[in-house]
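Quick notes on the structure that follows.
Counting begins at 1 with the first residue of the sequence. Just the heavy atoms: all of them, side chains too, but no hydrogens, waters or symmetry mates, feed the values below.
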Amino acid sequence: MIFISSCNQNIDFEKTKWNGQSDPAYPSIYRPLMLKDLTTNHKLLGLNCAQLVKYLGNPDHEEANLISYRIAVDYGNDIDPVYSKDLTFFYSKDSVITSFKIEEWKN
């Protein structure tokens, strides 16, 4: 796995890099670096789900009132993840994005 340290590195959001994957089990290596720019400098709230998907590409996970994009995942030395970070969007009954949050999980 190639991992780019995101300690103090941030880059501008680019859809092509956001969606670029060299391995289907891992999100683009650029997502952690683009996350701050995407969430602070781009108007995401108020978009409808179709507009968001057109802007970011297909989500990694969908449920009744949310869609999420995997930002980072670490499998350690196993097939089960030991760390994940996701950007989750919540939408209203009329499919308008009302909020989002960054969720991290560590085993």
Main-chain N/O of Tyr26 paired to Tyr75 side chain as donor or acceptor, under 3.5 Å: no
Flag the pair Val53 / Asn58 as yes when at least one side-chain heavy-atom distance between them is below 4.5 Å, and no otherwise. yes
Go through Ser84 and Arg70 one step at a time and tell me if the side chain to side chain contact (heavy atoms under 4.5 Å, CB included) criterion holds. CA-CA 8 Å; Ser84 69; Arg70 178 70 31 106; 4.0 Å; yes
Of the non-hydrogen atoms in Ile71 and Leu87, which two are nearest, and what is the gap between them? CG1-N, 3.8 Å
Can you get from Leu45 to Val96 by hopping between Ile, Leu, Val, Met, Phe, Trp and Tyr side chains that sit under 4.5 Å apart? no
What about Tyr83 and Trp105, are their ring centers closer than 6.0 Å? no
Closest non-hydrogen atom pair, Glu62 against Pro59: CG-CG, 3.6 Å
Rounded distance (nearest 0.5 Å) linking atom CG of Leu66 with atom OG of Ser99: 9.5 Å
Is the backbone N or O of Phe13 less than 3.5 Å from a side-chain atom of Asp37, with the two atoms forming a donor-acceptor pair by type? yes
Could you measure the distance from the CG atom of Leu35 to the CG atom of Asn10? Nearest 0.5 Å is fine. 8.5 Å
When you check the gap from the basic side-chain N to the acidic O, do Arg31 and Asp60 get nearer than 4.0 Å? yes
Report yes or no: do Ile67 and Ile102 belong to one cluster of Ile/Leu/Val/Met/Phe/Trp/Tyr joined by side chain heavy-atom distances under 4.5 Å? yes
Nearest-0.5 Å distance, NZ of residue Lys85 to CG of residue Asp74: 13.0 Å
Correct closest heavy-atom pair for Ile97 and Cys49 would be CD1-SG, 4.1 Å
Considering all heavy atoms of both residues, which atom of Gly76 and which atom of Val82 are nearest to each other, and what is their separation? N-CG2, 3.8 Å
Nearest 0.5 Å please: distance from the OG atom of Ser68 over to the CZ atom of Phe100. 14.0 Å
Can you find a side-chain donor-acceptor pair between His61 and Tyr69 that sits under 3.5 Å? no
Under 3.5 Å, side chain of Asn65 to main-chain N/O of Ser92, donor-acceptor pair present? no
If you look at every heavy atom in Val73 and Pro81, which pair is closest and at what distance? CG2-CB, 3.9 Å
Does Glu103 have any side chain to side chain donor-acceptor pair (under 3.5 Å) partners at least two apart in sequence or in another chain, and if so, which? Thr88, Lys101
Side-chain (Tyr91) to main-chain (Ala64) donor-acceptor, under 3.5 angstrom: yes
Under the criterion side chain to side chain contact (heavy atoms under 4.5 Å, CB included), I'd like the reasoning laid out for Leu38 against Asp12: C-alpha separation, chi angles, the key distance, then a yes or no. CA-CA 7 Å; Leu38 177 66; Asp12 292 342; over 6 Å; no
Take atom NZ in Lys106; do more than 12 heavy atoms of anything else shown fall under 6.0 Å from it? no
Hey, what do you get for CG (Asn107) to CG (Asp78), rounding to the nearest 0.5 Å? 9.5 Å
Identify the heavy atoms of Pro32 and Ser28 that sit nearest to each other, and give their distance. CD-O, 3.8 Å
Are the side chain of Ser95 and the backbone N or O of Asn48 linked by a donor-acceptor pair below 3.5 Å? no
Does Lys54 offer a backbone N or O that forms a donor-acceptor pair with the side chain of Lys15 under 3.5 Å? yes
